[in-house]
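Atoms within each ligand, like the ligands themselves, are counted from 1 in listed order.
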Amino acid sequence: MIPRHDPQLKSFASDNYAGVHPEILRAIADANGGHQIAYGDDVYTEALLSVFQRHFGERAQVWPVFNGTAANVVSLRAMTAQWEAVICAETAHIHTDEGGAPEVVGGIKLLTVPTPDGKLTPELIDRQAWGFGDVHRAQPRVVSISNTTELGTLYTPEEIAAVCAHAHERGLLVHLDGSRLTNAAAALDVPLRALTTDAGVDVLSFGGTKIGLLYGEAVVVLNPEAAGGIDYIRKTFMQLSSKMRFVSAQFEALLSGDLWLRNARQANAMGQRLAAAVRDIPGVEVPRPVEANAVFAVLPREVTERLQKRFRFYTWNEATGEVRWMCAFDTTEADVDAFAAAIREEMG
Ligand SMILES: Cc1ncc(COP(=O)(O)O)c(C=O)c1O
């Protein structure tokens, strides 16, 4: 088939704009042919457990799902009773970008906290960790953090350990939205478990799509006492894939070697390259630390409008004119240089 789009054209809108990594496509093709038991009783899904346990420790259990919103909602539902609530940053994806799915589908109350950088700290958690035993208040039960955050920032292993220790002390569980966990681990040069299992995280939403999968995310339970009923919740929430072998084969290809790391390092390096290329352009401000693959910038609105005719990217904050530029595993140096040159040109 002749592609309907220009396969060379890249954007800086989202790592979800990228296609599928060729090694993942090959894994899907290799898993094809013949019949396999449906709904997760296939040999690829069976093999997945040891792949995840190698990264997250031998207590880890894994449930593949279709997308990141589902990984979050299934995780949080499995961690809470009906009267319990989830503390998260005001900027958390579960609060800002999931169309209310935690509330509508999961029936989950979110207790949000404003943060300067998208990160919760023990002090910020305490803004909502109160009212225990008060029947009039949804009972705080889970702290949900994202790494990397929606503002492109990172939690270090020590920061996550501090959040987990504080949460556990208060009788709260910790969920990590790791839609970009691979980017965080690559940027910090630590194993995936340093930011999760070893830091005390109870349940993880592990991201695959943004780092080269066709589709697929996973609920990973690190503390078996923290969540229950996921087999049933996943089905009820319409996330039980009948042909699960194709999701599992993708995760195996991503995690059994270093594909996750290569892809994350590439995306992060391109974020750094882009930030370095635009920082000295007069009139362009990079107001947040660039710690992984996202670059936030403030530039004149008319420049943004002209640039968006040449490259796709999103305005993050209409009021301030802040935009977000996101690099993906397939962003190249040439892509970044062309985009930076266009920014320089449009800034005059
Ligand atoms: C922090 C974060 N969590 C979760 C997701 C997953 O969302 P989706 O349901 O679009 O796969 C995203 C995607 O943008 C995200 O940025």
Side-chain angles (χ1 to χ4, degrees), residues 11-20 24 63-77 86-106 108 110 112-113 115 117-120 142-155 160 174-185 187 192 195-196 201 203-220 234 237-239 241 247 250-251 254 263-264 267-268 271 288 291-296 312-317 323-329:
S11 79
F12 291 83
S14 167
D15 27 15
N16 283 327
Y17 275 48
V20 185
I24 300 288
W63 285 263
V65 294
F66 289 111
N67 62 34
T69 299
N72 288 336
V73 177
V74 170
S75 296
L76 296 174
R77 182 68 284 163
V86 175
I87 298 173
C88 64
E90 208 170 47
T91 48
H93 199 265
I94 53 173
H95 180 54
T96 60
D97 263 320
E98 298 188 352
E103 294 91 338
V104 175
V105 178
I108 296 157
L110 299 178
T112 63
V113 185
T115 72
D117 53 6
K119 289 160 64 173
L120 290 179
V142 175
V143 173
S144 181
I145 59 175
S146 309
N147 208 16
T148 60
T149 73
E150 294 73 6
L151 299 180
T153 49
L154 285 177
Y155 286 88
I160 296 183
V174 177
H175 165 256
L176 193 146
D177 177 348
S179 148
R180 297 191 182 88
L181 183 68
T182 49
N183 296 94
L192 295 168
L195 294 166
T196 52
V201 170
V203 179
L204 162 71
S205 299
F206 182 73
T209 317
K210 291 175 175 34
I211 205 68
L213 266 56
L214 173 59
Y215 70 96
E217 313 273 307
V219 174
V220 187
R234 179 177 60 175
F237 288 12
M238 297 161 281
Q239 290 294 316
S241 169
V247 191
Q250 294 179 72
F251 272 121
L254 183 74
N263 283 356
N268 292 350
R288 303 178 193 280
E291 298 186 323
N293 59 329
V295 179
F296 287 81
R312 286 196 76 113
F313 62 88
Y314 292 114
T315 297
W316 188 256
N317 184 331
V323 298
R324 186 190 75 169
W325 297 325
M326 192 64 99
C327 297
F329 70 87

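- Note that CD1 of I160 is 4.5 Å distant from CG of L195, once rounded to the nearest 0.5 Å.
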Could you list, one pair per line, each nitrogen or oxygen of ligand 1 together with any protein nitrogen or oxygen closer than 3.5 Å, giving atom names and the distance rounded to 0.1 Å?
from	atom 1	to	atom 2	distance (Å)
ligand 1	3 (N)	D177	OD1	3.1
ligand 1	3 (N)	D177	OD2	2.6
ligand 1	9 (O)	G68	N	3.4
ligand 1	9 (O)	T69	N	2.8
ligand 1	9 (O)	T69	OG1	2.6
ligand 1	11 (O)	G68	N	2.9
ligand 1	14 (O)	H93	NE2	3.3
ligand 1	14 (O)	K210	NZ	2.8
ligand 1	16 (O)	R180	NH1	3.2

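- By the side chain to side chain donor-acceptor pair (under 3.5 Å) test, T112 pairs with no residue at all, sequence neighbours left out.
- Residues forming a side chain to side chain donor-acceptor pair (under 3.5 Å) with T148 (at least two apart in sequence, or on another chain): none.
- T69 meets the side-chain contact (heavy atoms from CB on, under 4.5 Å) test with N67, V73, H93, E98, A101; sequence neighbours excluded.
- No donor-acceptor distance shorter than 3.5 angstrom exists from the side chain of T315 to the backbone of N317, with no hydrogens or angles considered.
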For T196 and F206, what are the C-alpha separation, side-chain angles and deciding distance, and is it a side-chain contact (heavy atoms from CB on, under 4.5 Å)? CA-CA 10 Å; T196 52; F206 182 73; over 6 Å; no

